[in-house]
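Report on one structure; see the data block that follows.
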Amino acid sequence: MKLNFAGLLAVATSSILISACGASDKGANAPKAPPPVPVNVYSIQKGSAVYYDQYPATIVPLNEVQLRPQVTGYITGIFFKDGQHVKKGQKLYSIDQQAYEASYNQAVANLNVAKANLGKAQQDADRYDELLKKDAIARQTAEHAQADLQASKMQLEASKANVASVQTNVRYSTIFAPFDGTIGISQVKMGSPVSPGQTVLNTISTNNPMAADIAVDQHEIPRFVGLQHSSKPIDSIFTLAFSDNSVYPQDGTISFIDRAVDPQTGTIKVRLIFPNTKDLLKAGMNCSMRVKNNGDDSTFLLAPYKAVVEQLGENFIFVASNNRALQRKVVLGTKVNDKIIIKSGLNEGDSIIIDGVQKLKDSTAITSGQHK
């Protein structure tokens with residue numbers, strides 16, 4: 001079948017027109033690039049900052065002991081009021097002494113008998129020695145007298161030891177305060193039976209000064225060692241904050257840093273001492289230890305906290321460069337008022353975006369407003 005030239009030309013012309021119309025429609029429907037995001041930027045600079053690192057702290061007394069009886073018996077006397085401040089050597093408890101006093105009197109009587117027997121044995125030995133020198137008695141009789149003398153001496157020593165032992169029990173039947181401090185609530189009442197090493201009578205502890213224990217990561221040991229031995233005074237470097245956020249009015253000092261790191265936690269105990277003249281600190285109290293940074297002349301790279309964007313546990317800040325928002329990963333330090341310390345990720349003089357960050361992605365086009 002033959003097609004004439006006019007028909008072929010018409011078909012070709014129709015195809016060209018259709019293609020041209022399609023291309024025109026496609027260009028009209030193509031997506032346009034989003035407009036630049038308006039933002040405000042901030043030129044990051046170094047500055048001085050005073051801040052506090054905080055650590056959980058437990059208040060502990062410098063000296064504390066549980067009072068336990070060393071003899072068996074019944075409580076016959078309580079000579080203090082619960083919570084009272086007591087002095088070293090003050091009488092606190094008495095345990096029934098009748099049985100121990102009777103044993104002591106018996107032991108003293110036995111000691112006196114042993115002394116009398118020793119005196120008689122000494123006289124016999126001396127007399128027999130004189131008679132032996134004159135060949136008036138057999139040597140065996142004199143030797144027996146010497147043996148009796150030695151036995152009497154050992155009996156006397158045994159009696160003395162028994163008296164000392166019984167006397168100790170009599171002494172232990174009265175419990176005295178081992179040091180100046182505050183005594184707690186009595187765990188026994190009048191007439192209560194007690195056993196040595198088992199019954200807890202009470203607890204006594206010192207209360208001025210008091211200690212505060214904190215656990216410090218092993219990486220911070222050099223810092224705390226430096227603070228312990230620093231000759232440069234820094235006001236209020238160690239302060240305590242109570243659970244109501246009030247601050248304890250007196251400053252503390254490092255008493256000691258423990259000898260070893262706990263291998264389970266990677267921390268080391270640091271003990272600080274605080275005056276407690278008004279008795280505000282109580283044993284077992286939980287506080288927050290505030291440790292001031294090492295000096296007011298320290299300088300840090302500071303950025304407004306609102307510029308930080310957190311994504312999947314990591315922190316980022318957008319930097320304005322060539323009308324683009326470039327995402328930078330940063331390592332943050334301590335927050336200081338409305339700013340935060342930047343440990344790494346930025347350089348001094350970087351222009352960071354502080355407003356409009358919610359609309360940004362890496363390399364988003366921006367128009368920056370006035371620098372803050």
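Computed from heavy atoms alone, side chains included, the values below leave out hydrogens, waters and symmetry copies.
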Quick check: do [X] and [Y] have side-chain heavy atoms less than 4.5 Å from each other?
X	Y	value
Asn202	Ser186	yes
Ile204	Val65	yes
Gln218	Val261	yes
Ile44	Leu302	no
Leu281	Phe242	yes
Ile175	Leu201	yes
Asp262	Ile268	no
Ile59	Cys287	yes

Going by the side chain to side chain donor-acceptor pair (under 3.5 Å) test, which pairs reach into residues 62-82, not counting sequence neighbours?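 For residues 62-82, and leaving out neighbouring residues, the side chain to side chain donor-acceptor pair (under 3.5 Å) pairs sorted by first residue read Gln66-Arg68, Thr76-Ser94.
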
For Phe316, ring pair (Phe, Tyr, Trp, His ring centres under 6.0 Å) partners two or more places apart: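 So Phe316 forms no ring pair (Phe, Tyr, Trp, His ring centres under 6.0 Å) with any residue.
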
Looking only at side chains, do [X] and [Y] share a donor and an acceptor under 3.5 Å apart?
X	Y	answer
Asp355	Asn40	yes
Asn207	Thr182	yes
Gln150	Ser152	no

CG of Asn245: more than 12 outside heavy atoms within 6.0 angstrom? no

Other residues, nucleotides and ligands only: do more than 12 of their heavy atoms fall within 6.0 Å of CD on Gln140? no

In the hydrophobic clustering (ILVMFWY, side-chain contacts below 4.5 Å, transitive), which residues join Val113, or is it alone? none

Other than Ile273, which residues form its hydrophobic cluster under the rule that side-chain heavy atoms must be closer than 4.5 Å? Leu62

If you round to the nearest 0.5 Å, how far is [atom2] of [Y] from [atom1] of [X]?
X	Y	atom1	atom2	result
Lys269	Arg259	NZ	CZ	11.5 Å
Gln54	Met289	CD	CE	11.0 Å
Asn208	His85	CG	NE2	9.5 Å
Leu227	Thr253	CG	OG1	12.0 Å
Tyr42	Ile354	OH	CD1	8.0 Å
Leu272	Ile254	CG	CD1	5.5 Å

Taking only residues at least two apart or on different chains, which pairs with a member in [range] satisfy salt bridge (charged side-chain N to carboxylate O under 4.0 Å, His left out)?
range	answer
residues 169-195	none
residues 282-291	Asp279-Lys282
residues 194-203	none
residues 36-57	Asp53-Arg223

Verdict with reasoning, Gln155 to Lys115, per side-chain contact (heavy atoms from CB on, under 4.5 Å): CA-CA 9 Å; Gln155 184 62 45; Lys115 289 179 179 180; over 6 Å; no

Using every non-hydrogen atom in the two residues, find where [X] and [Y] come nearest and quote the distance to one decimal.
X	Y	result
Ala283	Met210	N-CE, 3.6 Å
Gly349	Ser43	O-OG, 3.8 Å
Gln228	Ser255	NE2-O, 3.9 Å
Pro56	Ile214	O-CG2, 3.6 Å
Ile317	Ala303	CD1-CB, 4.4 Å
Leu92	Val86	CD2-CG1, 4.1 Å

Is there a salt bridge (Lys or Arg N to Asp or Glu O under 4.0 Å) between Asp258 and Arg271? Walk through the geometry before answering. CA-CA 8 Å; Asp258 206 356; Arg271 172 163 291 182; over 6 Å; no

Tell me whether the centres of the aromatic rings in Tyr93 and Phe80 are closer together than 6.0 Å. yes

According to a 4.5 Å side-chain heavy-atom criterion applied to Ile, Leu, Val, Met, Phe, Trp and Tyr, with indirect links allowed, do [X] and [Y] form part of one hydrophobic cluster?
X	Y	answer
Val225	Tyr55	yes
Met190	Val194	yes
Ile353	Leu326	no
Ile183	Val60	no
Phe176	Ile95	no

Check the pair Asn315, Val309 against side-chain contact (heavy atoms from CB on, under 4.5 Å), reporting the backbone distance first and the verdict last. CA-CA 6 Å; Asn315 297 299; Val309 178; over 6 Å; no

So Phe318 and Ile366, side-chain contact (heavy atoms from CB on, under 4.5 Å) or not? Walk me through it. CA-CA 11 Å; Phe318 286 98; Ile366 58 171; over 6 Å; no

Does [Y] offer a backbone N or O that forms a donor-acceptor pair with the side chain of [X] under 3.5 Å?
X	Y	answer
Gln250	Tyr248	no
Asn112	Ala116	no
Asp350	Ile352	no
Thr199	Ser195	yes

Would you please test Val188 and Val200 for side-chain contact (heavy atoms from CB on, under 4.5 Å) and show each step? CA-CA 8 Å; Val188 295; Val200 176; over 6 Å; no

For Gln122, what residues pass the side chain to side chain contact (heavy atoms under 4.5 Å, CB included) criterion, not counting sequence neighbours?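 Result, side chain to side chain contact (heavy atoms under 4.5 Å, CB included) vs Gln122: Asp126, Leu149, Lys153.
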
For [X], which residues count as a salt bridge (charged side-chain N to carboxylate O under 4.0 Å, His left out) partner, sequence neighbours excluded?
X	value
Lys329	Glu314
Lys359	none
Arg324	none

Does the structure place the NZ or CZ of Lys335 under 6.0 Å from the centre of the six-membered ring of Tyr305, at an angle of no more than 45° from the ring's axis? yes

